[in-house]
Engineer: 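To start, I am sharing the structure in question, which I have written as structure tokens.
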There are 2 protein chains.
Amino acid sequence: MGAPVVVLVEPQLAENIGMAARAMANFGLSELRLVAPKNGWPKKGVREAASGATHVLDGATVHATVAEAIADLNVLLATTARERGQMKRVLLPDAAMAQAAEGIGRGERIGVMFGRERIGLTNDEVSLADAVVTFPVTDAFPSLNLAQAVLLVGYEWRRAAGLALPRFTGETRSPPATREAMLALFGTLETALAGAGFYPPEKREIIARNMRDMLHRMVLTEQDVRTFRGALRALERKGGRPPP
Amino acid sequence: MGAPVVVLVEPQLAENIGMAARAMANFGLSELRLVAPKNGWPKKGVREAASGATHVLDGATVHATVAEAIADLNVLLATTARERGQMKRVLLPDAAMAQAAEGIGRGERIGVMFGRERIGLTNDEVSLADAVVTFPVTDAFPSLNLAQAVLLVGYEWRRAAGLALPRFTGETRSPPATREAMLALFGTLETALAGAGFYPPEKREIIARNMRDMLHRMVLTEQDVRTFRGALRALERKGGRPPP
């Protein structure tokens with residue numbers, strides 16, 4: 001399956017380009033286009049910042065103009081932090097990438113364009129885009145780092161493409177305990193506590209019920225019940241005395 | 001409204017801590033706790049990396065141990081990139097922050113714990129958490145930068161809290177064109193094109209209908225129609241000749 005192309009317009013800092021490449025690789029984007037990177041290309045330190053995402057950097061293409069970088073795209077989205085007085089659709093990253101996933105599913109080429117570190121995209125550059133993507137940052141601190149913006153687009157792309165799955169799940173090494181095992185645990189616990197004089201006689205029923213509630217909330221497995229009962233038996237044998 | 005606390009365990013690089021603070025500020029998180037930051041605190045360069053999010057750094061607290069840093073929290077989530085052989089719930093950031101928002105709504109204090117740059121959290125540290133948060137990165141390149149991980153949690157927090165709104169919307173400086181205005185535009189265009197000999201007579205109807213479709217797809221405003229008709233009249237006056 002295709003994925004959106006990332007277009008960085010006049011990026012300046014090696015670290016931001018490298019971190020953007022790394023963020024792309026994290027979420028399965030691979031096509032990076034650089035428009036007139038400031039102070040030339042390749043940049044010193046960019047590979048270190050990419051932290052191993054060198055396939056993205058090695059495949060990056062450099063373009064003299066935005067027009068050249070976007071020529072083959074069918075849809076261009078422009079990221080911007082502020083209103084441009086243009087009557088464009090304004091999309092959050094999730095909606096933007098949902099539309100991108102639809103377009104890519106139809107075989108379209110989609111690009112997402114990011115501006116310069118300090119000043120973003122010019123109004124003329126934004127006017128080349130089909131729609132604007134903006135990030136739901138706070139009014140108090142809206143300044144999003146370039147690589148962070150790329151990361152959010154990559155993350156939402158992966159979600160929109162249906163690929164945002166955890167890489168592992170919690171282990172379940174043992175099936176949930178049967179009710180019989182739970183009843184046996186309650187019995188062991190309540191007998192031990194009664195023997196230890198834990199319950200005032202008039203409170204025994206209510207305390208026992210509360211402790212059964214606690215144990216139910218733990219959603220114990222068969223193995224958990226065995227561990228618990230073994231621990232109780234060890235405590236009973238020792239009579240609560242600390243080990244010698 | 002409260003927000004999750006960010007706990008960084010033995011973070012090393014000033015840049016990552018600063019960028020994490022910036023990402024927190026972007027999405028309205030403000031409480032940062034540092035457990036035994038490597039090579040001391042404060043770190044040289046951290047304020048520059050925070051790019052103005054100094055309120056987060058200035059409010060950061062430093063703790064000798066994880067136990068101290070998490071003592072007052074009601075719920076602790078541990079971020080990890082890999083399976084730990086622990087039978088914990090594994091949540092993606094969106095589900096984790098949805099649960100955090102519910103808890104915070106009930107007045108609970110929620111923390112999200114992030115590990116060291118190279119090796120993450122130890123299994124013992126993960127065992128202190130109520131659940132695990134993991135990021136839906138690719139198997140091919142799963143190494144997520146620390147500040148990027150904090151950013152994704154902050155972003156999903158803001159979404160879960162219902163605060164993820166665009167800071168601006170597309171301008172609509174003029175109401176949608178009336179159908180009368182659209183019909184007038186079609187008339188102006190079709191008369192001009194007929195006058196210019198654009199239509200083969202037998203194709204006039206079909207071409208005109210296709211062009212009406214194109215114009216409808218533009219969803220024009222009243223102002224757009226005026227601009228368009230003015231442009232057509234200018235072309236008619238010039239007779240298509242380039243300006244002298």
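Convention: sequence-line order gives letters A, B, ...; per-chain numbering from 1. Bear in mind the structure is a predicted one, so any value in this text is a computation, not a measurement. Computed from heavy atoms alone, side chains included, the values below leave out hydrogens, waters and symmetry copies.
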Engineer: Could you tell me which portion of A/Phe27 (side chain, backbone, both or neither) has an atom closer than 4.5 angstrom to a non-hydrogen atom of chain B?
Structural biologist: both
Engineer: So for A/Arg159, is it side chain, backbone, both, or neither that comes closer than 4.5 Å to the heavy atoms of chain B?
Structural biologist: side chain
Engineer: For residues 132-142 of chain B, tabulate all N or O donor-acceptor pairs below 3.5 Å that involve a side-chain atom, not counting sequence neighbours.
Structural biologist:
unit_1	atom_1	unit_2	atom_2	d
B/Thr134	OG1	B/Thr80	O	2.8
B/Thr138	OG1	A/Ala25	O	3.1
B/Thr138	OG1	B/Phe141	N	3.0
B/Asp139	OD1	A/Arg167	NE	2.7

Engineer: Please identify, among A/Thr169, A/Thr221, A/Asn145, the residue contributing the most non-hydrogen atom pairs under 4.5 Å to chain B.
Structural biologist: A/Asn145
Engineer: I'd like to verify something: which residue of A/Pro93, A/Gly85, A/Ser174, A/Gly154 has the highest number of heavy-atom pairs under 4.5 Å with chain B?
Structural biologist: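 Counting heavy-atom pairs under 4.5 Å, the top option is A/Gly85.
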Engineer: Can you list the residues of residues 4-14 of chain A that sit under 4.5 Å from chain B, counting heavy atoms only?
Structural biologist: none
Engineer: Flag yes if more than 12 heavy atoms outside B/Arg106 fall under 6.0 Å of its CZ atom; otherwise flag no.
Structural biologist: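 Atom CZ in B/Arg106 is crowded, with more than 12 foreign heavy atoms closer than 6.0 Å.
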Engineer: To check you understand the geometry: which heavy-atom pair defines the closest contact between B/Gln148 and A/Met19, and what is its length?
Structural biologist: NE2-O, 3.9 Å
Engineer: Counting only heavy atoms closer than 4.5 Å, note whether A/Ala147 contacts chain B via side chain, backbone, both or neither.
Structural biologist: both
Engineer: Quick one: which of A/Lys88, A/His55, A/Met87 has the most heavy-atom pairs under 4.5 Å with chain B, could you say?
Structural biologist: A/Met87
Engineer: Heavy-atom distances under 4.5 Å only: say whether A/Gln223 touches chain B with side chain, backbone, both or neither.
Structural biologist: neither
Engineer: Given 3.5 Å as the limit, does a donor-acceptor pair link the side chain of B/Arg82 with the main chain of A/Phe168, or not?
Structural biologist: no
Engineer: Around B/Phe186, counting heavy atoms of other residues, nucleotides and ligands shown, do more than 12 lie under 6.0 Å from its CZ?
Structural biologist: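 Enclosed: over 12 neighbouring heavy atoms sit under 6.0 Å from CZ of B/Phe186.
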Engineer: For the interface with chain B, which of A/Ala81, A/Ser51, A/Ala23 has the highest count of heavy-atom pairs at distances below 4.5 Å?
Structural biologist: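 Most pairs with chain B among the choices: A/Ala81.
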Engineer: Check whether A/Arg89 gets within reach of chain B through its side chain, its backbone, both or neither, counting any heavy atom under 4.5 Å.
Structural biologist: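 Neither part.
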Engineer: Identify which part of A/Leu144 has an atom lying under 4.5 Å from any heavy atom of chain B, answering side chain, backbone, both or neither.
Structural biologist: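 Contact with chain B is through both the backbone and side chain of A/Leu144.
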Engineer: Which atoms form the tightest heavy-atom contact between B/Val90 and A/Pro166, and what is the distance?
Structural biologist: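 Between these two residues, the closest heavy atoms are CG1-CB, 4.3 Å.
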Engineer: Check whether B/Gln86 gets within reach of chain A through its side chain, its backbone, both or neither, counting any heavy atom under 4.5 Å.
Structural biologist: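 Just the backbone, heavy atoms under 4.5 Å.
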